[in-house]
Engineer: 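Next up is a structure, given as structure tokens.
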Amino acid sequence: MATVHEPTVVGVAHFNAAEDAAALRGAMKGFGTDEDAIIEILTSRSNAQRQAISQAFTLEYGRDIIEDLKSELGGHFEDVIVALMLPPAEYLCKELHHCMEGMGTDEKVLVEILCTRTKKEIAEIVEAYERLYNRPLAEHMCSETSGDFRRLLTLIVTGARDEEAGVDQARAAEAAQQLYDAGEAKWGTDEEIFNKILAHESFGQLRAIFEEYKNIAGRTIEQAIKAEIAGELSEALSAIVECVENQAAWFAQRLRDAMQGLGTDDRTLIRIVVSRSERDLAAIKREYEVLYDKTLGSEVRGETSGDYRKALIALLGPA
């Protein structure tokens, strides 16, 4: 996966944490809350700058800025602002924990967070998860998933991916042949081979493997996965393949799904907009328009309202 760096939020140049903390305190103190001031400050600062504001706020006022924001705001607007204030790995840990708690597990969220991150990001999430919940992420995940899907996620979470090695074309051809032999070339599928290759190889190496696969099989690896493998494992492997080929387009599709049908999946909408805003949200916006002939901004406007809408639109950046 070519890591596209096209953020919509880059922080401000002449940053002063104490000034921002004072402005936010002013926006929350007294009668009524100045939501516009909160949106303007927090959607234009980088996460590192927000952490500095948080520290300055505690230092100056002896208060927790997240608690103060929660007491002043509500609904999905509060969700966006709190998501912005958390360190990125902690925010994703909260989302992972939420999707596994209670009855049933939301496998789509596990796939979205774990199958699309780099080895370094996964390591940060694993470290933060144990610190926050006093239990290893792998252990919690294993209790909530099963079979080959569980095995794939476990490989990813334990940092199996090799991101150090460069691209080796001969090895790529070999791996492509192994995938072909494990799937289309035989009766039944050897999912273990798919897991091993797709969880271990770097995204650059996977791109070379998928090219070779097309030469051998005469169709794409994605078509093979959809034909040979079912259920959550199929979704997880497809997510890895699509992110290797065009990560921004994969996230654009997730956003589209979150806004289609009955009611909006606000949690997914917020999570993607917030977690990609300093990475590749500008690229996601572009892919969205290519895929759906509509701007992401216009879709978000149609599905949200009030301060919640204002905050998301601010994070999306100029149209």
Side-chain angles (χ1 to χ4, degrees), residues 7-95 98 128 132 255 258-259 264-279 281-282 284-285 295-319:
T8 55
V9 174
V10 291
V12 288
H14 304 291
F15 171 67
N16 183 320
E19 265 175 35
D20 281 351
L24 287 164
R25 175 84 171 135
M28 292 187 276
K29 235 174 90 179
F31 191 66
T33 305
D34 185 348
E35 287 88 355
D36 287 346
I38 293 171
I39 291 169
E40 202 200 320
I41 295 169
L42 296 180
T43 61
S44 60
R45 305 305 186 259
S46 66
N47 192 276
Q49 290 175 339
R50 291 181 216 120
Q51 299 314 314
I53 293 168
S54 185
Q55 286 170 344
F57 196 90
T58 304
L59 204 65
E60 191 58 42
Y61 308 109
R63 304 173 68 90
D64 180 331
I65 193 168
I66 291 183
E67 291 310 315
D68 277 13
L69 287 162
K70 278 180 174 173
S71 70
E72 295 294 325
L73 313 175
H76 296 311
F77 176 44
E78 178 191 321
D79 297 338
V80 177
I81 297 300
V82 170
L84 288 171
M85 290 308 299
L86 290 168
E90 283 187 20
Y91 170 50
L92 292 174
C93 285
K94 277 188 70 160
E95 291 295 289
H98 178 266
L132 290 173
L255 284 167
M259 292 186 284
T264 301
D265 177 355
D266 294 287
R267 199 168 186 120
T268 296
L269 178 57
I270 294 167
R271 186 175 55 250
I272 295 176
V273 170
V274 169
S275 68
R276 308 310 295 184
S277 59
E278 289 183 59
R279 293 284 306 275
L281 192 52
I284 293 168
K285 275 166 47 180
T295 68
L296 180 55
S298 69
E299 298 264 76
V300 168
R301 276 193 186 88
E303 295 296 325
T304 57
S305 61
D307 293 314
Y308 171 39
R309 176 198 284 163
K310 278 187 201 167
L312 288 179
I313 294 297
L315 290 168
L316 287 176

Engineer: For the atom pair CG (Leu316) and NZ (Lys285), what is the distance rounded to the nearest 0.5 Å?
Structural biologist: 6.0 Å
Engineer: Check whether more than 12 heavy atoms from other residues, nucleotides or ligands sit under 6.0 Å from atom CD of Gln51, and answer yes or no.
Structural biologist: yes
Engineer: Between the main-chain N or O of Val12 and the side-chain N or O of Arg45, is there a donor-acceptor pair closer than 3.5 Å?
Structural biologist: no
Engineer: Could you work out, with ring pair (Phe, Tyr, Trp, His ring centres under 6.0 Å) as the rule, every residue matching Phe57, not counting sequence neighbours?
Structural biologist: Tyr61
Engineer: Quick one: does any side-chain atom of Thr8 pair with a main-chain N or O of Leu315 as donor and acceptor, under 3.5 Å?
Structural biologist: yes
Engineer: Could you tell me the separation between the CD atom of Glu299 and the CG atom of Leu296, rounded to the nearest 0.5 Å?
Structural biologist: 7.5 Å
Engineer: For Ile313 and Tyr308: C-alpha separation, side-chain torsions, deciding distance, then whether side chain to side chain contact (heavy atoms under 4.5 Å, CB included) applies.
Structural biologist: CA-CA 9 Å; Ile313 294 297; Tyr308 171 39; over 6 Å; no
Engineer: Could you tell me the separation between the CD atom of Glu19 and the CD1 atom of Ile41, rounded to the nearest 0.5 Å?
Structural biologist: 10.0 Å
Engineer: Looking at Glu40, is its backbone amide N or carbonyl O close enough to the side chain of Ser44 to form a donor-acceptor pair, meaning the two atoms are under 3.5 Å apart?
Structural biologist: yes
Engineer: Check residues 75-82 and write down every donor-acceptor pair under 3.5 Å in which the side-chain atom is one partner and the other belongs to a residue at least two apart or another chain.
Structural biologist:
from  : atom 1 : to     : atom 2 : distance (Å)
His76 : ND1    : Asp79  : OD2    : 3.3
His76 : NE2    : Asp266 : OD2    : 3.2

Engineer: Is the backbone of Arg63 close enough, under 3.5 Å, to the side chain of Thr58 for a donor and an acceptor to pair up by distance?
Structural biologist: yes
Engineer: Enumerate the side chain to side chain donor-acceptor pair (under 3.5 Å) contacts for residues 26-35, please, sequence neighbours excluded, ordered by first and then second residue.
Structural biologist: Thr33-Glu72
Engineer: Find out whether Ile38 and Asp307 are in side-chain contact, i.e. whether some heavy atom of one side chain is under 4.5 Å from a heavy atom of the other.
Structural biologist: no
Engineer: Within the 4.5 Å heavy-atom criterion, are Leu312 and Thr43 side-chain neighbours or not?
Structural biologist: no
Engineer: For the residue pair Cys93 and Leu132, what are the closest heavy atoms and their distance?
Structural biologist: CB-CD1, 3.8 Å
Engineer: Side chains of Arg25 and Glu60: closer than 4.5 Å at any heavy-atom pair?
Structural biologist: no
Engineer: Would you find a donor on one side and an acceptor on the other, under 3.5 Å apart, between the side chain of Gln49 and the backbone of Ser46?
Structural biologist: yes
Engineer: Could you check Arg279 against Ile284 for side chain to side chain contact (heavy atoms under 4.5 Å, CB included), going step by step and ending with a plain yes or no?
Structural biologist: CA-CA 10 Å; Arg279 293 284 306 275; Ile284 293 168; over 6 Å; no
Engineer: To the closest 0.5 Å, what do you measure between CE (Met85) and CG (Leu69)?
Structural biologist: 6.5 Å
Engineer: Are Asp265 and Met259 close enough that some pair of their side-chain heavy atoms sits under 4.5 Å apart?
Structural biologist: no
Engineer: Quick one: are Ile53 and Ile65 in side-chain contact, heavy atoms under 4.5 Å?
Structural biologist: yes
Engineer: Taking all atoms of both residues into account, what is the closest heavy-atom pair of Ala282 and Pro7, and its distance?
Structural biologist: CB-O, 4.1 Å
Engineer: Would you check if the side chain of Arg309 reaches a backbone N or O of Arg301 as a donor-acceptor pair within less than 3.5 Å?
Structural biologist: yes
Engineer: For Val300 and Thr295: C-alpha separation, side-chain torsions, deciding distance, then whether side chain to side chain contact (heavy atoms under 4.5 Å, CB included) applies.
Structural biologist: CA-CA 9 Å; Val300 168; Thr295 68; over 6 Å; no
Engineer: Rounded to the nearest 0.5 Å, what's the gap from CD on Glu67 to NZ on Lys70? Could you check?
Structural biologist: 5.0 Å
Engineer: So does Asn47 get a backbone contact from the side chain of Glu278, meaning a donor-acceptor N/O pair under 3.5 Å?
Structural biologist: yes
Engineer: How many angstroms lie between atom CG of Leu84 and atom CD1 of Ile39, to the nearest 0.5 angstrom?
Structural biologist: 10.5 Å
